[in-house]
K.L.:
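Below is a structure I'd like to ask you about.
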2 protein chains.
Amino acid sequence: MNTLFKALSHPVRRRIIEMLRKGPMASGDIAAAFDMTWPTVTGHLNALKEAGLVSPERDGTTIRYRLDISAVEEALAFLLSITGARSPSDGDKDRD
Amino acid sequence: MNTLFKALSHPVRRRIIEMLRKGPMASGDIAAAFDMTWPTVTGHLNALKEAGLVSPERDGTTIRYRLDISAVEEALAFLLSITGARSPSDGDKDRD
DNA sequence: CTTGCATTTAGGGGATTTCCTAATTAGGCA
DNA sequence: TGCCTAATTAGGAAATCCCCTAAATGCAAG
């Protein structure tokens with residue numbers, strides 16, 4: 001959960017996730033979409049992989065990254081537990 | 001959004017958020033719940049405040065922190081946009 | 001004003017992040 | 001084998017993070 005939210009805390013990594021929403025993409029194509037060097041993007045992809053958010057699959061010389069929805073759902077579950085379950089007794093305690 | 005997810009990436013800060021779910025708490029009471037010094041907890045509270053996740057309210061000499069749900073909902077919206085809107089055309093691409 | 005309590009700010013040490021360039025691995029093809 | 005392309009790992013500099021101790025602030029009461 002720790003690495004998961006940390007991975008989500010970087011704009012480049014969030015954008016990669018958004019790109020992968022439409023389907024898997026090759027590492028090079030992902031890197032080309034950013035204004036930074038390829039090794040740097042590889043680093044971000046590794047962070048996402050560590051967080052369980054993406055998984056790489058090799059196809060010949062190219063490596064495609066696929067979004068892993070289940071990890072996103074873990075984060076989602078935490079946030080929903082916050083917004084979803086408020087104690088009704090102090091919802092409007094200081095209304096004036 | 002950046003500071004928001006970064007704030008969520010630390011276990012102590014997530015724990016504080018969970019504690020605040022039941023209602024506002026004094027800084028000292030929050031600090032007492034952890035095995036670290038009070039200044040350190042103040043630092044975490046500042047991170048949460050920067051992220052818009054909590055807001056402090058002074059009452060005499062004590063300072064109470066209240067959870068700010070709307071910030072949580074921002075993060076929620078991002079994650080839902082990932083899980084919620086998959087392109088149906090490539091959802092089952094390798095089904096042969 | 002002085003004392004006391006709740007809380008924050010200041011400053012520093014050690015670990016981690018983020019980016020770069022240079023070197024390396026891995027696969028496909030002559 | 002040797003070469004080209006795709007992609008990663010290695011290593012290092014600058015910034016940031018996390019935790020601590022020590023000092024400061026804000027408020028209330030005597």
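Heavy atoms only: backbone and side chains are in, while hydrogens, waters and symmetry mates are out.
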K.L.:
How close or far is atom P of C:dT7 from atom CD1 of B:Ile16, stated in whole angstroms?
P.N.:
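It works out to 13 Å between those atoms.
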K.L.:
So which nucleotide from C:dA6, D:dC27, C:dT7 ends up closest to the side chain of B:Ile63?
P.N.:
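Nearest to the side-chain atoms of B:Ile63, counting from C-beta on, is C:dT7.
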K.L.:
Cluster question for you: counting only ILVMFWY and a side-chain heavy-atom cut-off of under 4.5 Å, with indirect links fine, are B:Ile17 and B:Phe34 together?
P.N.:
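As far as the 4.5 Å side-chain criterion goes, B:Phe34 and B:Ile17 are connected within one cluster.
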K.L.:
Under 4.0 Å from OP1 or OP2 of C:dT17: is there any side-chain N or O of A:His44 that close?
P.N.:
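False: A:His44 side-chain N/O out of range (4.0 Å or more) of C:dT17 OP1/OP2.
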K.L.:
Of the options C:dT7, D:dA6, D:dA22, whose atoms approach the side-chain atoms of B:Pro39 most closely?
P.N.:
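Ranking C:dT7, D:dA6, D:dA22 by closest atom to the B:Pro39 side chain puts D:dA22 first.
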K.L.:
Let me know, please, whether B:Thr61 or A:His10 comes out on the 5' side of the other along DNA chain C by nearest nucleotide.
P.N.:
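Result of the comparison: B:Thr61.
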K.L.:
Students often get this wrong, so: under 4.0 angstrom with heavy atoms, is A:Thr42 touching a base, only sugar-phosphate, or nothing?
P.N.:
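Base, at least one base heavy atom under 4.0 Å.
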K.L.:
Would you classify B:Ala47 as touching base, sugar-phosphate or nothing, given that sugar-phosphate means primed atoms plus P, OP1 and OP2, and contacts are heavy atoms under 4.0 Å?
P.N.:
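It contacts nothing in the nucleic acid.
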K.L.:
Think B:Asn46 has a side-chain N or O under 4.0 angstrom from the OP1 or OP2 of C:dT9?
P.N.:
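For C:dT9, OP1/OP2 do have a side-chain N/O of B:Asn46 under 4.0 Å.
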K.L.:
Of the nucleotides D:dA10, D:dC18, C:dT7, which one has an atom closest to the side chain of B:Trp38?
P.N.:
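Selected nucleotide (nearest to the side chain): C:dT7.
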K.L.:
Name the nucleic acid region contacted by A:Thr62, choosing base, sugar-phosphate or nothing; use a 4.0 angstrom heavy-atom cut-off, strictly under.
P.N.:
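Sugar-phosphate only.
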K.L.:
Let me know the distance between CG of B:Leu48 and C1' of D:dC18, rounded to the nearest Å.
P.N.:
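Between C1' of D:dC18 and CG of B:Leu48: 14 Å.
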K.L.:
What class does the angle between the rings of A:Phe78 and A:Phe5 fall in, given that below 30° is parallel, 30 to 60° is tilted and above 60° is perpendicular?
P.N.:
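Answer is perpendicular, since the angle exceeds 60°.
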K.L.:
For B:Ala31, which contact category applies under a 4.0 Å heavy-atom criterion: base, sugar-phosphate, or nothing?
P.N.:
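Nothing, no nucleic acid heavy atom in range.
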K.L.:
When you check the phosphate oxygens OP1 and OP2 of D:dA6, does a side-chain N or O of A:Tyr65 lie under 4.0 Å from one of them?
P.N.:
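For D:dA6, neither OP1 nor OP2 has a side-chain N or O of A:Tyr65 closer than 4.0 Å.
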K.L.:
Give a yes or no on whether the backbone of A:Leu8 and the side-chain of A:Arg14 come within a donor-acceptor separation of less than 3.5 Å.
P.N.:
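Yes, because the side chain of A:Arg14 sits within donor-acceptor range (under 3.5 Å) of the backbone of A:Leu8.
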K.L.:
Quick one: does any side-chain atom of B:Arg13 pair with a main-chain N or O of B:Lys6 as donor and acceptor, under 3.5 Å?
P.N.:
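Such a contact is found between B:Arg13 side chain and B:Lys6 backbone.
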K.L.:
Reckon B:Phe34 touches a base, only the sugar-phosphate, or nothing at all at heavy-atom distances under 4.0 Å?
P.N.:
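Contact class for B:Phe34: none.
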K.L.:
For B:Thr40, answer base if it contacts any base atom (sugar-phosphate contacts may also be present), sugar-phosphate if it contacts only those atoms, and nothing otherwise; contact means non-hydrogen atoms under 4.0 Å.
P.N.:
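Contact class for B:Thr40: base.
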K.L.:
Once you round it to whole Å, what is the distance between P of C:dT7 and CD1 of B:Ile30?
P.N.:
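About 9 Å, once rounded to whole Å.
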K.L.:
Compare the minimum distances between each of C:dC20, D:dT8, C:dA6 and the side chain of A:Met36, then state the nucleotide with the smallest one.
P.N.:
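Nucleotide nearest to A:Met36's side chain: C:dC20.
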K.L.:
Of the candidate nucleotides D:dT21, C:dT7, C:dG27, which contains the atom at the shortest distance from the side chain of B:Thr37?
P.N.:
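Nearest listed nucleotide: D:dT21.
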K.L.:
Scan B:Leu53, B:Leu48, B:Val54 and name whichever one has a side chain to side chain contact (heavy atoms under 4.5 Å, CB included) with B:Leu20.
P.N.:
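Exactly one option meets the side chain to side chain contact (heavy atoms under 4.5 Å, CB included) with B:Leu20, and it is B:Val54.
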